[in-house]
Amino acid sequence: MKALGPIPPEFSAIDGELAIGGRRASALVKEAGDTPLFVYSREIIEHQIAGLRKVMPERLNIHYAMKANPYGPLLEFLADLVDGLDIASSGELEQAREAGYLPREISFAGPGKRDRELWAAIRAGVTLNIESENEAQRALQMGKELGVIPRMAIRVNPTFELRGSGMKMGGGAKPFGVDADRVPDLARRIVDAGANWRGFHIYSGSQALDAEALIEAQGHVLDLAAQLARDAGVEVPHLNMGGGFGIPYFDKDRPLDITAIGAALAQRFAALPEVLEKTKFAIELGRYLVGEAGVYLTRIVDRKESHGTTYLITDGGLHHQLAASGNFGTVVRRNYPAAIVTRFDDEPEEVVNVVGCLCTPLDRLADAAHLPRAEVGDLVAIFCAGAYGASASPATFLGQGAAREMLV
Ligand SMILES: *Cc1c(COP(=O)(O)O)cnc(C)c1O
């Protein structure tokens with residue numbers, strides 16, 4: 001038997017059946033028309049953001065990193081709840097504009113921005129988080145050609161990384177950002193060229209559950225930003241401090257202590273160096289805002305035995321939930337939280353392997369999971385499906401196609 005991850009505490013049952021947003025999961029599937037279905041809860045997203053606002057210094061803006069979940073209705077819903085949006089392509093820019101975000105609330109990072117993407121972003125008035133000297137040059141040139149003053153910040157490849165981070169994105173050689181030692185020169189060049197200088201973007205990692213590690217990283221970010229600004233002799237109108245706030249996916253994961261992070265940040269904000277006194281600060285979060293609010297619902301198509309192992313075979317799989325299958329940046333596969341929808345409150349009775357419908361042994365949703373008995377036709381819920389699910393999985397693999405999505 002292998003443990004399942006912790007079901008987010010906001011979920012409960014109606015007459016023993018999993019409810020999302022106050023409605024039974026089976027009713028939501030009926031409304032959507034079919035499984036597999038991602039359901040995202042407004043209530044949980046709101047709760048998560050309100051919890052953050054309560055403990056973070058008021059001065060800290062909260063941005064949404066839309067690559068976590070670009071579903072249109074969810075993006076629209078978030079527009080009123082966050083202070084800014086971080087995008088990583090001109091495709092995301094279009095989706096963001098459709099969802100009602102203003103260009104001045106949007107910043108665009110990404111190591112391979114094509115000319116037409118830079119063009120679209122500059123013309124719209126989006127802030128570019130510049131990832132190389134070459135990109136800076138191209139953006140400045142395009143600004144001239146367009147007759148638009150580009151809004152430019154520099155994404156810094158920091159000299160440190162977030163301890164315990166799920167995905168390391170800082171420290172040492174990286175395709176992301178400009179190495180810290182080259183940033184002062186580039187910052188001066190951007191300012192001298194007459195761009196609308198916005199400041200720095202320093203992102204050091206993701207999926208951290210250790211508050212001390214995040215506090216340490218944020219401290220380093222503030223120190224580095226101040227140092228770079230002094231070395232360059234430039235101001236820092238805006239500092240995107242990165243994010244990295246994790247959520248509990250697996251057994252023994254503990255929720256992040258955001259109160260401790262908020263308190264430490266408030267202390268730092270109360271004693272800022274002069275170069276950062278007028279700076280506006282933001283953090284950029286993806287999974288922390290939306291990850292726990294999503295549930296992936298899939299139906300059992302077959303139930304069979306093989307050499308003493310019971311398989312529940314579903315109509316879903318890694319083509320929608322690559323991360324839950326253990327194939328999205330994890331070294332050792334562990335079980336996401338999962339449940340049998342109609343028996344949400346029941347005690348587990350049997351050990352089963354829940355798998356997807358794809359012809360590959362990689363398509364696993366829950367290994368040796370201890371669950372109530374389930375039959376063909378029952379629904380399985382995989383939790384923590386609100387981030388890096390639908391849009392981060394190979395939906396066309398094996399001709400399957402996209403899952404349905406719904407915001408409730
Ligand atoms: C992916 C990414 C994020 C969001 O990461 P989460 O772990 O979902 O919070 C934020 N900033 C940058 C630069 C990213 O690449």
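Indexing begins at 1, ligand by ligand and atom by atom, following the structure's order. Given the structure is predicted, the values throughout are model-derived calculations rather than measurements.
- For a threshold of 3.5 Å applied to N or O pairs, the pair formed by Arg155 and ligand 1 contains no separation below that value.
- In this structure, Tyr203 is part of the shell of residues with a heavy atom less than 4.0 angstrom from ligand 1.
- With sequence neighbours excluded, the residues that form a salt bridge (charged side-chain N to carboxylate O under 4.0 Å, His left out) with Arg364 are Asp367.
- Residues passing the salt bridge (charged side-chain N to carboxylate O under 4.0 Å, His left out) test with Arg114 are Glu117, sequence neighbours excluded.
- Within the listing of ligand 1, atoms 1 (C), 4 (C), 5 (O), 6 (P), 8 (O) sit less than 4.0 angstrom from a heavy atom of Tyr388.
- Contact atoms of ligand 1 toward Ala65: 3 (C), 4 (C), 10 (C) (distance under 4.0 Å to a heavy atom of the residue).
- In this model, a donor atom of one side chain and an acceptor atom of the other lie less than 3.5 Å apart for Arg333 and Asn335.
- Asp223 and Gln227 share no side-chain donor-acceptor pair at under 3.5 Å.
- For ligand 1, the atoms closer than 4.0 angstrom to any heavy atom of Ser206 are 7 (O).
- Asp83 has a carboxylate O that lies under 4.0 Å from a charged side-chain N of Arg53, or vice versa, which qualifies the two as a salt bridge.
- For the pair Arg287 and ligand 1, the shortest N or O to N or O distance falls below 3.5 Å.
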